[in-house]
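Below is one structure; the comments refer to it alone.
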Amino acid sequence: MQKIYCHLDMRGLKLLDRFTSTQVHALNPTDTSNGKTHVGVSRAKLNSHLIKSFGSNSKPKSFNSLSVTEALLLPYGLPATDLLEPSIEPHLKPTEFVEILADLYHRLENCLSQSDKSLLCIEQYSLLRSLGDPKLLRRCLRAARQNAVDVNSKVVLSAWLRFERREDELVGMSAMACSGQVLECPKVALVNGFDPNLVSGHCQCDHDPSKAVNMLIFEGNECVSLEEEEESDVSFCIGNIEINCARCKIALLSSPFEAMLYGCFKESKKGKIDFSENGISVKGMRAVEMYSRTRRLDLFSPEIVVELLSFANRFCCEEMKSACDAYLASLVDNIDDALVLIEYGLEEMAYLLVAACLQVLLRGLPSSLYNPKVMKFLCSSKVRERLAMAGHGFLLYYFLSHVAMEESMVSKTTVMLLERLEECTTERWQKTLVLHQLGCVLLERREFKDAQFRFLAAAKAGHVYSVAGVARTKYKQGQQYSAYTLMSSIISEYKPAGWMYQERALYNIGKEKILDLSTATELDPTLLFPYKYRAVAKAEEKQIRAAILEIDRTVRFKLSPDCIELRAWFFIALEDYESALRDIRVLLTLEPNYMMFHGKVSGDYLVELLSHRVKQLSQADCWMHLYDQWSSVDDIGSLAIIHQMLGHNPGKSLIQFRQSLLLLRLNCQKAAMRSLRLARNNSGSEHERLVYEGWILYDTGNREEALSKAEKSIHIQRSFEAFFLKAYALADTSLDSESSSYVIQLLEEALKCPSDGLRKGQALNNLGSIYVDCGKLDKAVDCYMSALDIKHTRAHQGLARVYHLKNQRKAAYDEMTKLIEKAQNNASAYEKRSEYCDPEMAKTDLNMATQLDPLRTYPYRYRAAVLMDEQKESEAVEELTRAIAFKPDLQILHLRAAFHESIGDVSSALQDCQAALCMDPNHTDTLDLYNRARD
């Protein structure tokens, strides 16, 4: 076999953002039986007990004397292993993940119905949620919206896409405003049918004056004269009032009217017809007469149109009903009106109006969750039944419960919405998902018996991961041995997975517990609980520094709030207040409202207390420290400095933007987008705001719209950030020589504009990369050297690439060694250096990269490729299989498919291709391999 597998492209490798916002306390979970956190120590008591300890600058005598450390820790108890437990993830986690992905892609590929394909995309979304990749999930939602046919699905999915971007947090953006994204436009969502020309792109609805509604109001008393008025030949009497009408016009409204006025009924002979008992007012009947001649509704007030809707339903006037339905739907723009009109819509079966009202409620999420009237309506089982009659079911309540769980896992609203969702399920995967999620929520609420019932039902439906929930609820009810035997049976019956051993470790004792945790880490090195347990166990043995080293292993590859909290706790125990303060600042960057010490003390308050023990820095000092941290590639230290800078100037958009860049680099996309939204809200000028809006669009997959924002910003004022955004967005595609030249020009223009060294170093580094792609190596070297002159340490990697292309492997190796020595976060540097050394040294570097960051996929692929080149096919496949077990990555699946194909295992190759294409249906290499294997 040719040695083709070792030459893998490492450019563009990124970690999956596995960061979630749900707070999981590092130690004892708080009592959430009432859905609230109980604060055990009052602020006054803290003041009296803690401030005194910080009042003196003298160092405490010892760890055992009454010290600041004890003042902080004693009220809450030191970390204890008995209080630690991992959370049960509220997602589907099938044991045969690849097989299920492949089957789902097969169904998507062969699905002929657009609406069915949309529902399959929602199933895909549910299945992929456990991977925690927001871009992957957004792609599923966009595909579901693109394939949606009916209005009901469109309004839910467009609101869901808007929620994922958290547009509600953008100041000045109305819930019903169109942001310019056609898939999220509220007006487009109310148009029934599938239009392949409207699946993406910029929406022009706000720029089309023809869609504006003329709100000329006719109250019913005025005499309105219109051209071509028919002569009145019949009167409808309501009380003593006569409404003159044209018989032929009224007859055209419906078949019943035609039969009444021209058929064998006695009314056909009458000139006056008594309509007093037909439930319509004089104004309403005048409106009927006007509508019969003009077919216009914009002449009437909404109240009159509602009356017309009821009249149309009673007398089967389908055209009038549809017109009233559509007209009222176009008027709904606030929650109060929506709550009123949706009742009329349900009563009169005006389902477009119902959809429009729901759209207002959904686009107001998450705020509308806290509106008692909205929740009383949506959480009602009877309302759910009425909405089902209007065609609203699983998708609506799936979105609602998703938002509720994001907001609070323990609220009664979350439980009720999940219960309504359970009533909507029609397919097995839906039932399984809802039962498992209800189990998770009830477990958090400490309702163990009910949680166990739901977990057990989900497990019986085939979801093996729910057995962990069954075991946990047994354990919580004092049945530890039963929980242990249950997990042991799962381990013996199914292919072992890390979560199985992690769960059994909770119920094990002594050395067997430690062995289970070690096995869990071996099978899945990304599970955090084993590291946390081992760290706290070391702390209990007074080995605090060893505990910090253990928890550091997790921080290197995942910035998890509970692990950062635990490390801060250890630093306080060591009286290293500077490091503790750094970690708490980082923690508050990830979760601004995080409550520490078993959820009893706010992080902000601890910052205030610890600041008395740490040297205070001015804003100028902070900038100097930020440069130092940035140049040493210490992203966590940089985050802490920026948090301190924002304390001095909380509304500084420039600093918030820097914060978002760091968070993106650390794969904390949710926190990064929050910082970016704050930067946008606090921007001091329009051109600056446009840049931040452009980055928000770019980071949520809207590249063309991001380019448009950059161009508008440049038109207003030339700035570094506007040119940089435009260059970055353009470079995100395969560039030809002309495009590359244009990107180079943009970056050069950016460098001419004022900015700080941190950003200019990034621009120089990017410019050097473009020059390398164009073959202009000497110019690339100049860029990289200029970047290094302003302490942009990552430029060493660019220089190494240039030297490698010049066949100067030793120089390339040395550059990467410099980066490894300077960088605090250096897993990627070890990975890259492996390209510039001999096979044995490469193996050592890649092992180190895996040890530092087990989520990086290149080392697994490289080792597998080497084994394949050595004709050790089974070992090569096994190397990839081990990685897929905890990180089913597109590139790894593609490579394993290629291995299967090369050894003649076509069915396995097809399965891996299908699983990979389920993650990215447009991946060219996998598509080629799939078609080849299928043929």
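All values below were derived from every heavy atom in this structure, side-chain atoms included, with hydrogens, water molecules and symmetry-related copies excluded. Heads up: numbering here begins at 1 and tracks the sequence.
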Next on the checklist: Under the criterion side-chain hydrogen bond (donor to acceptor under 3.5 Å, both in side chains), I'd like the reasoning laid out for E407 against Y370: C-alpha separation, chi angles, the key distance, then a yes or no.
Outcome noted: CA-CA 10 Å; E407 291 293 297; Y370 302 98; 2.6 Å; yes
Checklist entry - Hey, mind stepping through S683 and E688 against side-chain hydrogen bond (donor to acceptor under 3.5 Å, both in side chains) and telling me if it holds? => result CA-CA 6 Å; S683 54; E688 185 184 6; 5.2 Å; no
Item to check | side-chain hydrogen bond (donor to acceptor under 3.5 Å, both in side chains) between S466 and H436, worked out | outcome: CA-CA 6 Å; S466 294; H436 181 74; 2.8 Å; yes
Checklist entry - Between Q669 and D699, is a side-chain hydrogen bond (donor to acceptor under 3.5 Å, both in side chains) present by the stated rule, with each step listed? => result CA-CA 9 Å; Q669 188 173 28; D699 290 331; 5.6 Å; no
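Below 30°, between 30° and 60°, or above 60°: for F163 and F399 the angle between ring planes is above 60°, a perpendicular geometry. Between W160 and H402, the ring planes lie tilted relative to each other; the angle falls in the 30° to 60° range.
The environment of CE in M389 is sparse: at most 12 heavy-atom neighbours from other residues, nucleotides or ligands sit within 6.0 Å. By the neighbour-count criterion of 12 heavy atoms within 6.0 Å, atom OH of Y344 is sparsely surrounded, having that number or fewer from other residues, nucleotides or ligands. More than 12 heavy atoms of other shown residues, nucleotides or ligands fall within 6.0 angstrom of atom CZ in F377. Residue K321 qualifies as enclosed at atom NZ: its count of foreign heavy atoms under 6.0 Å is above 12. The 12-atom threshold is not exceeded at CD of E347, counting heavy atoms of other residues, nucleotides or ligands nearer than 6.0 Å.
The ring of W429 has its center closer than 6.0 angstrom to the ring center of F394.
A side-chain donor-acceptor contact under 3.5 Å links T414 to the backbone of A404. Of the possible polar contacts, one joining the S126 side chain to the I122 backbone as a donor-acceptor pair under 3.5 Å is found.
When each of V441, L400, L435 is paired with L418, the side-chain contact (heavy atoms from CB on, under 4.5 Å) condition holds for V441 and for no other.
Within the 4.5 Å cutoff, the side chain of T413 has heavy atoms near those of the L369 side chain.
A donor-acceptor pair shorter than 3.5 Å cannot be found between the side chains of S660 and Y692.
Under 4.0 Å is where a charged nitrogen must lie from a carboxylate oxygen, and between K431 and E427 no such pair does.
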